[in-house]
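Before any comments, here is the structure.
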Protein chains: 2
Amino acid sequence: MSNTNVLPLLEPAPGETAAPCCPPLTERPFTAEEAETAARMFKALGDPVRLRLFSAVASHEGGEACVCDISDVGVSQPTVSHHLKKLKEAGLLTSERRGTWVYYRVEPSVLAAMGKLLTIGPAAV
Amino acid sequence: MSNTNVLPLLEPAPGETAAPCCPPLTERPFTAEEAETAARMFKALGDPVRLRLFSAVASHEGGEACVCDISDVGVSQPTVSHHLKKLKEAGLLTSERRGTWVYYRVEPSVLAAMGKLLTIGPAAV
DNA sequence: CACCTGCTTCGATGAACGTCAACATAGACA
DNA sequence: TGTCTATGTTGACGTTCATCGAAGCAGGTG
């Protein structure tokens with residue numbers, strides 16, 4: 001159980017930016033299902049500690065980092081582990097054990113999908 | 001108290017896309033303060049009902065909508081009002097009363113700032 | 001004035017969340 | 001084998017949150 005397989009919303013889409021879960025927020029009203037799906041991602045980033053952890057991983061060299069490199073966010077180590085698990089469950093991170101350390105890695109397609117969500121569509125303004 | 005004045009993080013920045021609260025997530029690890037600020041926005045969108053309301057407003061003609069147009073999201077009307085207030089406090093919406101109805105409107109600069117946050121910077125991958 | 005409609009605020013309740021201390025597990029090394 | 005270090009898991013506690021019904025406020029209409 002080293003790698004996550006719970007990407008809940010977007011297929012890997014090998015080619016490019018993957019099929020996002022939902023259209024841009026400004027295109028049309030979200031259905032209940034779309035909202036449920038997208039809210040899960042936003043909620044995962046809705047905690048300051050998780051945001052710092054995610055940013056630390058995303059900005060780390062190679063797009064991955066071991067827990068020891070990023071666990072200096074002012075909370076106890078179990079709490080860090082708990083938040084990393086949450087990010088993993090939300091499909092934003094994947095993890096892999098290499099020897100002593102566990103490395104976390106960002107899922108670029110998810111970033112792209114969320115960015116597309118926030119695109120200002122033709123209907124706005 | 002018709003218009004929000006609590007845009008917590010980004011100055012209106014009359015010129016263009018406003019100064020976003022934080023750099024792209026992938027540029028460098030967020031500081032505690034940046035994370036606190038950005039997490040407030042993500043948390044506001046981290047609820048399915050709020051996401052539907054926000055999307056309904058954002059996609060409505062003219063970028064604004066009265067409560068009566070968007071309150072069909074499966075929860076009671078006071079709950080709708082509560083969520084709209086949350087979105088307003090997060091700086092994502094503004095409201096204005098015109099006669100009988102209250103109109104909510106999206107804050108485009110915030111959308112742009114969040115989109116920029118999710119940009120994939122040079123450090124990633 | 002009275003009445004109705006649209007929306008917000010108030011108070012309460014149950015669920016979800018963040019946090020920690022303690023324990024468990026996995027690998028490295030002697 | 002034993003021990004040490006690095007992580008993940010469990011259980012509990014206090015806080016925050018989403019939701020509702022009821023009451024309150026504002027504006028329009030008779």
Side-chain angles (χ1 to χ4, degrees), chain A residues 1-6 32 35-36 38-54 56-57 60 64-90 92-105, chain B residues 1-6 32 35-36 38-54 56-57 60 64-90 92-105:
Chain A
M1 204 206 294
S2 58
N3 242 29
T4 325
N5 61 345
V6 280
E36 195 89 35
R40 221 173 304 152
M41 294 191 294
F42 283 116
K43 189 187 287 186
L45 294 179
D47 181 86
V49 173
R50 279 199 292 271
L51 207 45
R52 290 186 70 185
L53 291 172
F54 185 79
V57 172
H60 209 261
E64 72 173 13
C66 75
V67 181
C68 56
D69 284 330
I70 59 176
S71 54
D72 190 22
V73 288
V75 296
S76 71
Q77 206 274 329
T79 302
V80 169
S81 188
H82 167 250
H83 284 304
L84 287 172
K85 186 181 180 184
K86 281 285 185 73
L87 288 168
K88 209 166 115 181
E89 287 172 354
L92 296 170
L93 293 178
T94 58
S95 71
E96 182 193 357
R97 171 160 224 139
R98 287 209 294 274
T100 305
W101 291 280
V102 177
Y103 291 84
Y104 281 84
R105 169 177 287 276
Chain B
M1 203 208 294
S2 57
N3 242 29
T4 326
N5 61 345
V6 279
E36 194 88 34
R40 220 173 305 153
M41 294 191 297
F42 283 117
K43 187 187 286 184
L45 293 180
D47 180 88
V49 173
R50 279 199 291 270
L51 207 46
R52 290 186 71 185
L53 291 172
F54 185 79
V57 173
H60 210 262
E64 72 173 13
C66 76
V67 181
C68 56
D69 284 331
I70 59 176
S71 54
D72 191 21
V73 288
V75 295
S76 72
Q77 212 272 330
T79 302
V80 169
S81 189
H82 166 252
H83 284 304
L84 287 172
K85 186 182 178 183
K86 281 285 185 71
L87 288 168
K88 209 167 116 181
E89 287 172 354
L92 296 169
L93 292 179
T94 58
S95 72
E96 181 194 359
R97 172 160 223 139
R98 287 208 293 276
T100 305
W101 293 280
V102 175
Y103 290 84
Y104 279 84
R105 169 176 288 277

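A, B, ... follow the sequence lines: proteins, then strands. Residue 1 opens every chain.
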Send over the distance from [X] [atom1] to [N] [atom2], rounded to a whole Å.
| X | N | atom1 | atom2 | result |
| --- | --- | --- | --- | --- |
| Leu93(A) | dG8(D) | CG | C1' | 16 Å |
| Phe42(B) | dC17(D) | CZ | P | 18 Å |
| Leu84(A) | dG8(D) | CG | C1' | 10 Å |
| Lys88(B) | dT8(C) | NZ | C1' | 10 Å |
| Leu87(B) | dC17(D) | CG | C1' | 14 Å |
| Leu53(A) | dG18(C) | CG | C1' | 13 Å |
| Glu89(A) | dT9(D) | CD | C1' | 12 Å |
| Arg98(B) | dC7(C) | CZ | P | 12 Å |

Side chain of [X] (C-beta onward), nearest among [options]:
| X | options | result |
| --- | --- | --- |
| Val75(A) | dC20(C), dC7(C), dG28(D) | dC20(C) |
| Ser81(B) | dT9(D), dT9(C), dT19(C) | dT9(C) |
| Cys66(A) | dT7(D), dA18(D), dT8(C) | dT7(D) |
| His82(B) | dT7(D), dT9(D), dA18(D) | dA18(D) |
| Ser76(A) | dT19(D), dG18(C), dC20(C) | dC20(C) |
| Gln77(B) | dT8(C), dT9(D), dT7(D) | dT8(C) |
| Val67(A) | dA28(C), dT8(C), dT7(D) | dT7(D) |
| His83(B) | dT8(C), dT7(D), dA18(D) | dA18(D) |

Does a side-chain N or O from [X] land closer than 4.0 Å to OP1 or OP2 of [N], or not?
| X | N | answer |
| --- | --- | --- |
| Thr79(A) | dG18(C) | no |
| Arg97(A) | dA6(D) | no |
| Lys43(B) | dT16(D) | no |
| Lys85(A) | dT7(D) | no |
| Tyr104(A) | dG8(D) | yes |

Original post:
Can you name the nearest heavy-atom pair linking Val67(A) to Tyr104(A), along with the distance?
Top reply: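 Looking at all heavy atoms of both residues, the closest pair is CG2-CE1, 3.6 Å.
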Original post:
Can Lys43(B) and Asp47(A) be said to form a side-chain contact (heavy atoms from CB on, under 4.5 Å), step by step?
Top reply: CA-CA 7 Å; Lys43(B) 187 187 286 184; Asp47(A) 181 86; 5.9 Å; no
Subject >> Electrostatic pair Arg98(B):Glu64(B) at N-O distance under 4.0 angstrom >> reply: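 Looking at Glu64(B) together with Arg98(B), the answer is yes, because their closest N to O distance falls below 4.0 Å.
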**OP:** Specify the residue among Gly74(A) and Gly99(A) whose closest nucleotide of DNA chain C lies further upstream toward the 5′ end.
**Re:**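 Its nearest nucleotide lies further toward 5', so the answer is Gly74(A).
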**OP:** Report yes if some heavy atom in the side chain of Lys85(A) is under 4.5 Å from a heavy atom in the side chain of His82(A); otherwise report no.
**Re:**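 A side-chain contact under 4.5 Å is absent here.
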Subject >> Test side chain to side chain contact (heavy atoms under 4.5 Å, CB included) applied to Val57(A) and Ile70(A), Leu87(A), Leu92(A), the passing residue >> reply: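 Going through Ile70(A), Leu87(A), Leu92(A) one by one, the side chain to side chain contact (heavy atoms under 4.5 Å, CB included) with Val57(A) is satisfied by Ile70(A) alone.
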Original post:
Ignoring hydrogens and geometry, is there a side-chain-to-backbone donor-acceptor pair from Arg50(B) to Ala44(B) under 3.5 Å?
Top reply: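 Looks like yes, one N/O pair under 3.5 Å.
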Original post:
With sugar-phosphate meaning primed atoms plus P, OP1 and OP2, does Val80(B) contact a base, only sugar-phosphate, or nothing at under 4.0 Å between heavy atoms?
Top reply: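 Contact class for Val80(B): none.
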